[in-house]
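Here is the structure we will look at.
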Amino acid sequence: MRLTLWRNARLVTLAGTEPWSVIDHGALLVDGDRLQWIGRESDLKAGLQIDAEHDLGGALVTPGLIDAHTHLVYAGQRASEFELRLQGASYWQIAQSGGGIRSTVAATRAAGEAQLLAAAAARLAQLQADGVTTVEVKSGYGLTLEHERRCLNVARRLGLERRADVRTTYLAAHALPPEFDGRADDYIGAVCRWMVQLNQERLIDAVDAYCEPNAFSPVQVARVFEQAQRLGLPVKLHAEQFSDSGGAVLAAGYRALSCDHLEHLGRDGVAAMARSGSVAVLLPAAFYFLRESRLPPVDALRRAGVALAVATDHNPGTAPTLSLRLALNMACTLFGLTPEEALRGATVHAARALGLFDRGRLSEGLRADFAAWDLEHPAELAYWIGGSPCRRLVCAGMPVEQ
Ligand code: DI6
Ligand code: FE
């Protein structure tokens, strides 16, 4: 047992269901990678053998933030598409003329593993500078067995390289690669075969797909989910971003951990998600960057009791941001979440969206993942646009270099 005391904190535990509150003069006692005790410093048991002590200087301390939806591993950038869209071209028009996901696939296939790792590690460092301790990373810019493996390997190595907990998601059903043009069903067959192999290699924590008229149909997604179910892998889905394709209803039938985007989600989708306990992962940065206008049905989701999470969706095409705090701000200004809902959406509900119950709150026995902020009130996490208020970050009990 090695006990570390972090004292002089103002704690926002998010532990219960009561409205958030701040515990002044708080402390966290960490045993290895777990929180052994948390509370007021004056209530700390006397006579403990403490091995190391840190003064947090009165900083606000929250659970480490969790980014539950990113596409962090890729090469290149797509600023020229941004310019085309500003001139009036649509996201799908650009994709059909050779840009879009396929252009990032070409750049990613051409990059070596070391180059992909260096680029993704630099991105992860930026997420960490903004308080992230757990990040989900999707494949989906490789689209061959070899290149999907490389991207998932990079994701696995990232966590070790940068002291973060990385959860990998297999998203080979992201776009149809050019070598399968006109043969989408054959491609789905390949996606299912590769899943077996990559799962054996322990590279997959969850399975995702892109369900849209211009990507994959519900019938094709169902084949991917059937295979995931056979392998015992949880699923999630990019659903209802540009149209109501019935993706959420389908995913709920497979007890999806989450359905993500959801701007066009209908009533049946809301009801299905409530029944299955799937989390709604809202991605306001993509909504903003694509200048969309249709809002996700936040009120209906709330009324149905669906948990709301907020993530960056970091990717080079539709969400080139590496600040989860910016996504929290946008979740409030664009989607009408309260700052408290937004913060719960990047902590406790984000953990659920990844099937994790050992983090996202500050409670005894959970992982010692926390962020110390130079802020007075937790609402400021959704309030400031930019800046760098994160003072210290601790992941699994260990300080993260920032
Ligand atoms: N997530 C995705 O996978 C796509 N949109 C989104 O929100 C597209 C990513 C891309 O254009 O590269
Ligand atoms: Fe995405």
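On a predicted model such as this, the values are computed, not experimentally measured, just so you know.
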Non-hydrogen atoms of A155 and V73 that approach each other most closely
N-CG2, 4.3 Å
Residue set satisfying side-chain contact (heavy atoms from CB on, under 4.5 Å) with T13, at least two apart, ordered chain then number -> L11, A15, I23, I38, L362
Going by side chain to side chain donor-acceptor pair (under 3.5 Å), name the residues that satisfy it together with Y254, two or more places apart in sequence or in a different chain.
E226
Polar side chain donor-acceptor pair, R78 to T104, under 3.5 angstrom:
yes
Residue list, side-chain contact (heavy atoms from CB on, under 4.5 Å) with A307, at least two apart or on another chain
V279, H349, R352
For Q77, all residues meeting side-chain contact (heavy atoms from CB on, under 4.5 Å), sequence neighbours excluded:
A79
Has the side chain of E212 got a donor or acceptor atom that lies under 3.5 Å from a matching backbone atom of Q241?
yes
R34 with D31: basic N within carboxylate O range, under 4.0 Å:
no
Find out whether the Lys NZ or Arg CZ of R109 is both under 6.0 angstrom from the six-membered ring centre of Y141 and within 45° of the ring's axis.
no
Side-chain donor-acceptor contact under 3.5 Å, E201 with Q197
yes
Any side-chain to backbone donor/acceptor pair from T168 onto L152? Under 3.5 Å, distance only.
no
Test item: R40 side-chain N/O and G26 main-chain N/O as donor-acceptor pair under 3.5 Å
no
If only atom types and distance count, is the side chain of R294 paired as donor or acceptor with the main-chain N or O of E263 below 3.5 Å?
yes
Basic-acidic side-chain contact under 4.0 Å: R302, E341
yes
Atom of G140, atom of I101 and distance for their closest heavy-atom approach:
O-CG2, 4.3 Å
Specify the closest pair of heavy atoms between L158 and A120, including all atoms of both residues, with the distance to one decimal.
CD2-C, 3.6 Å
For T133 versus V394, what's the shortest heavy-atom pair and its separation?
CG2-O, 3.6 Å
Does NE2 in H25 sit with more than 12 non-hydrogen atoms of other residues, nucleotides or ligands closer than 6.0 Å?
no
I want to check something: taking the side chain as every heavy atom from C-beta on, are V207 and M195 in contact at a cut-off of under 4.5 Å?
yes
Residues 177-212 vs ring pair (Phe, Tyr, Trp, His ring centres under 6.0 Å), sequence neighbours excluded, gives H174-Y210, F180-Y187, Y187-W194, Y210-H238
Run the salt-bridge test on R85 and E81 with the 4.0 Å N-O cut-off and return the result as yes or no.
no
Dump the intermediate steps for side chain to side chain donor-acceptor pair (under 3.5 Å) on R359 and T134, then the final yes or no.
CA-CA 9 Å; R359 68 195 74 186; T134 297; 3.0 Å; yes
Spell out, as yes or no, whether a donor-acceptor pair under 3.5 Å connects the side chain of E161 to the backbone of A121.
no
Out of curiosity, T347 OG1 to L328 CG, how far, rounded to the nearest 0.5 Å?
9.0 Å
side-chain contact (heavy atoms from CB on, under 4.5 Å) against L5, all qualifying residues, sequence neighbours excluded
R7, A27, L29, L44, I50, E53
Testing the basics here: between A319 and D313, what is the closest heavy-atom pair and its distance to 0.1 Å?
CB-O, 3.3 Å
Treating T318 as the side-chain partner and A286 as the backbone partner, does any N or O pair qualify as donor plus acceptor under 3.5 Å?
no
Considering non-hydrogen atoms only, spot the tightest contact between A272 and A252 and give its length.
O-CB, 3.5 Å
With no hydrogens and no angle check, do the side chains of D185 and Q220 hold a donor and an acceptor under 3.5 Å apart?
yes
I'd like to know if the side chain of S90 reaches the main chain of Q93, judged simply by a donor and an acceptor atom lying under 3.5 Å from each other, with no hydrogens or angles considered.
yes
With a sphere of 6.0 Å drawn around CD of E376, does it hold more than 12 non-hydrogen atoms of other residues, nucleotides or ligands?
no
Does a donor on one side chain and an acceptor on the other come within less than 3.5 Å for S278 and S276?
yes
Any donor-acceptor pair under 3.5 Å linking the side chain of K236 with the backbone of A353?
yes
Hey, is the main chain of G386 close enough, under 3.5 Å, to the side chain of R325 for a donor-acceptor pair?
yes
Just wondering, more than 12 heavy atoms not from F242 lying within 6.0 Å of its CZ?
yes
Are E401 and R163 ion-paired here, with the side-chain N under 4.0 Å from a carboxylate O?
no
How about F357: does its CZ atom have over 12 heavy atoms from other parts shown lying under 6.0 Å from it?
yes
Is it true that a side-chain atom of E136 and a backbone atom of D67 form a donor plus acceptor pair closer than 3.5 Å?
no
Using 4.0 Å as the upper bound for N to carboxylate O, is an ion pair formed by R10 and D24?
yes
Salt bridge check, D205 against R156: does any charged N sit closer than 4.0 Å to a carboxylate O?
yes
Please round to the nearest 0.5 Å and tell me the distance separating atom CG of D130 and atom SG of C390.
7.5 Å
